[in-house]
Amino acid sequence: MIYKTSCLLLLPIALIFLDFILISSLAKPTPVTSLNVLTYGAKPDGSKDSTKAFLAAWEVACASAKPTTIIVPEGRFLVGNLVFQGKKCTDAPISIRIAGSIIAPEDYKVIASSRQWILFDGVTNVSIYGGLLDAQGSSLWKCKNNGGKKCPTGAKSLLFDHSNNITINGLKSINSQKFHIVIDESNNVNIHGVEVSADADSPNTDGIHIDKSHSVNITNSRIGTGDDCISIGPGSTYVSINGIQCGPGHGISIGSLGRSEDEQGVENVMVSNVDFTSTDNGVRIKTWGKDSKSFVRNIVFQHIKMKMVKNPIIIDQHYCLDKPCPKKESGVEISNVRYEDIQGTSKTEVAVKLDCSKEKPCTDIVMGNVNLAWQMVNGSAQASCNNANGLAKHVVVPFTPCLKRDLLLT
């Protein structure tokens, strides 16, 4: 009897002791391995090729079962084509912290024949913090702008392909030969506080391009390029864009879509709190005038300011770069697109242009609290509308004639 009582008295003490051990083990942070690229032979002088050093550091991080940080210290690091493969990695988190600059060779031909300059292929749980990427693409832009027939297409600066759980935070990308940041066939991507810069006449230098990807969030970033600030390509879903300063450039575009008949569609996109300044377009949807099974649906553009924008709101379903153009109606089906709280000035008289397909008209277009003025003294903006229908709620200026007024809200 005494033995049982003693056991009962000791039981609470034992449980408290076990709880203490458990809490202590949980409180211990997971050790992080730090790898400095200098250790692997990288030189911060901007002249010696550090490509092998970066790849060597990646191989060690990739093989580690523990979280690893790759450190790129202050300085200028010259690298050629970098391919970071993830297929053999353990999927333990890898963080790349950049204090300095990573620069491409001055001769654009060194990387221009590749699809990209820096590629992360099939990686998981990778984060990039800070730093500058300078692709030194201006000489290639000059070649293209001067009509050079032998100019290469150029390399995208940073590409994540078939990757998951990616973070890009505080990175600056300048002077890309082609697109700056590309997210392709990837999931759960967060891009925050990035800065992208290229000359206004730099061809095909989109700031951020998303293609066949899901759950992509872009926040609090400043983008000025010679092409789209952000472009959303086929097969992309659940894209959130918030807190962007865009200009110069071609605006934020969904598309182009429908270049090939079986191309995937785009759906569930929200664009909020964007300032457009002196851009060619504001919010744009563009599709090819071809047969297509593609679609654009469930799109929201809201809380947007336009300043001297050529085409603040535009749907262009007769987009074509081919010569000659096929001159067909687009088969891409556009539906459920909302424009809410869009204010500012248009550089041209036509501030709203809905040029939809005769074959598949745009449906469920809703505008509310839209107020766009032509940037002229007492200039009144106009709206152009073909093959579209939907509702106009509250204030819609210029009024878009193909939209019915919601009488319950007037």
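By convention here, the first residue in the shown sequence is residue 1.
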**OP:** Sorted by first residue and then second, give each salt bridge (charged side-chain N to carboxylate O under 4.0 Å, His left out) pair with at least one member in residues 153-167; sequence neighbours left out.
**Re:**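 Qualifying pairs: R115-D161.
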Separation of [Y] [atom2] from [X] [atom1] (nearest 0.5 Å):
X: N169; Y: N220; atom1: CG; atom2: CG; result: 10.0 Å
X: R405; Y: L391; atom1: CZ; atom2: CG; result: 11.5 Å
X: K328; Y: D291; atom1: NZ; atom2: CG; result: 4.5 Å
X: Y40; Y: L35; atom1: OH; atom2: CG; result: 4.5 Å
X: I334; Y: I285; atom1: CD1; atom2: CD1; result: 5.0 Å

For the pair [X] (side chain) and [Y] (backbone), establish whether a donor and an acceptor sit closer than 3.5 Å, ignoring hydrogens and angles.
X: T68; Y: K66; answer: yes
X: S213; Y: I183; answer: yes
X: T400; Y: C402; answer: no
X: N36; Y: L38; answer: yes
X: S215; Y: N188; answer: no
X: E263; Y: G258; answer: yes
X: S294; Y: Q264; answer: yes
X: S236; Y: K212; answer: yes
X: Q177; Y: A155; answer: yes
X: T167; Y: S127; answer: no

Got [X] and [Y] here, is their nearest side-chain heavy-atom distance under 4.5 Å?
X: N281; Y: T279; answer: no
X: D184; Y: S163; answer: no
X: S157; Y: I181; answer: no
X: I168; Y: L158; answer: yes
X: L257; Y: S292; answer: no

Tell me every residue that passes side chain to side chain contact (heavy atoms under 4.5 Å, CB included) with [X], counting only those two or more places apart in sequence or in another chain.
X: D45; result: K43, S47, K48
X: K293; result: E261, D262
X: M308; result: S278, T345, K347, Q375

Please name the pair of heavy atoms, one in [X] and one in [Y], separated by the smallest distance, quoted to 0.1 Å.
X: A135; Y: S176; result: CB-CA, 3.7 Å
X: P234; Y: V266; result: CA-CG2, 4.2 Å
X: G282; Y: V309; result: N-CG1, 3.5 Å
X: G207; Y: H180; result: O-CB, 3.2 Å
X: P401; Y: F399; result: CD-O, 3.4 Å
X: T225; Y: T205; result: CB-O, 3.1 Å

Subject >> All ring-ring contact (aromatic ring centres under 6.0 Å, His included) counterparts of W288, not counting sequence neighbours >> reply: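 Result, ring-ring contact (aromatic ring centres under 6.0 Å, His included) vs W288: Y319.
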Subject >> Under the ring-ring contact (aromatic ring centres under 6.0 Å, His included) test, residues paired with F120 that sit two or more places apart >> reply: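 Residues passing ring-ring contact (aromatic ring centres under 6.0 Å, His included) with F120: W58, F84, F160.
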**OP:** Using side-chain hydrogen bond (donor to acceptor under 3.5 Å, both in side chains) as the criterion, list what pairs up with S114, not counting sequence neighbours.
**Re:**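 For S114, the residues satisfying side-chain hydrogen bond (donor to acceptor under 3.5 Å, both in side chains) (neighbours in sequence not counted) are N81.
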**OP:** Check the pair D49 / T51 against side-chain hydrogen bond (donor to acceptor under 3.5 Å, both in side chains), numbers first and verdict last.
**Re:** CA-CA 6 Å; D49 188 350; T51 304; 2.5 Å; yes
**OP:** Sequence neighbours left out, what passes salt bridge (charged side-chain N to carboxylate O under 4.0 Å, His left out) with E329? Give chain and number order.
**Re:**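 Testing E329 for salt bridge (charged side-chain N to carboxylate O under 4.0 Å, His left out), a comparison that skips the adjacent residues, returns none.
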Original post:
Given Y339, which of V396, I365, V366, I304 fulfils the side-chain contact (heavy atoms from CB on, under 4.5 Å) condition?
Top reply: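 For Y339, the side-chain contact (heavy atoms from CB on, under 4.5 Å) test succeeds with only one of V396, I365, V366, I304, which is I365.
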Original post:
So which pairs with a foot in residues 356-372 pass side-chain hydrogen bond (donor to acceptor under 3.5 Å, both in side chains), sequence neighbours left out?
Top reply: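 Matches after skipping sequence neighbours: none remain.
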**OP:** Return each pair, listed once, that meets side-chain hydrogen bond (donor to acceptor under 3.5 Å, both in side chains) where at least one residue sits in residues 135-149; pairs must be two or more places apart or across chains.
**Re:**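 Residue pairs with at least one partner in residues 135-149: there are none.
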Original post:
With no hydrogens and no angle check, do the side chains of T219 and H192 hold a donor and an acceptor under 3.5 Å apart?
Top reply: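 A donor-acceptor contact under 3.5 Å links the two side chains.
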**OP:** Tell me yes or no: between the side chains of T237 and E267, is some donor less than 3.5 Å from an acceptor?
**Re:**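 Looking only at side-chain atoms, E267 and T237 do not form any donor-acceptor pair under 3.5 Å.
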**OP:** Please report the C-alpha distance between K286 and D316 in whole Å, then the side-chain angles of each, then the deciding distance to 0.1 Å, and finally whether the salt bridge (charged side-chain N to carboxylate O under 4.0 Å, His left out) criterion is met.
**Re:** CA-CA 5 Å; K286 56 179 178 176; D316 179 6; over 6 Å; no
Original post:
Are more than 12 heavy atoms from other residues, nucleotides or ligands located less than 6.0 Å from atom NZ of K290?
Top reply: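 Atom NZ in K290 is packed in, count exceeds 12.
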Can you list, pair by pair, the side-chain donor-acceptor contacts under 3.5 Å of residues 85-102, counting residues two or more places apart and other chains?
unit_1 : atom_1 : unit_2 : atom_2 : d
T90    : OG1    : S64    : O      : 2.5
T90    : OG1    : A92    : N      : 3.3

Subject >> Step-by-step side-chain hydrogen bond (donor to acceptor under 3.5 Å, both in side chains) determination, H209 to S231 >> reply: CA-CA 5 Å; H209 179 70; S231 54; 2.6 Å; yes
Taking distance alone, no hydrogens or angles, what donor-acceptor pairs closer than 3.5 Å link side-chain atoms of residues 240-253 to residues at least two apart or in another chain?
unit_1 : atom_1 : unit_2 : atom_2 : d
N242   : OD1    : N273   : ND2    : 2.7
Q245   : OE1    : R222   : NH1    : 3.2
H250   : NE2    : G226   : O      : 3.2
S253   : OG     : D228   : OD1    : 3.1
S253   : OG     : R284   : NE     : 2.9
S253   : OG     : R284   : NH2    : 3.2

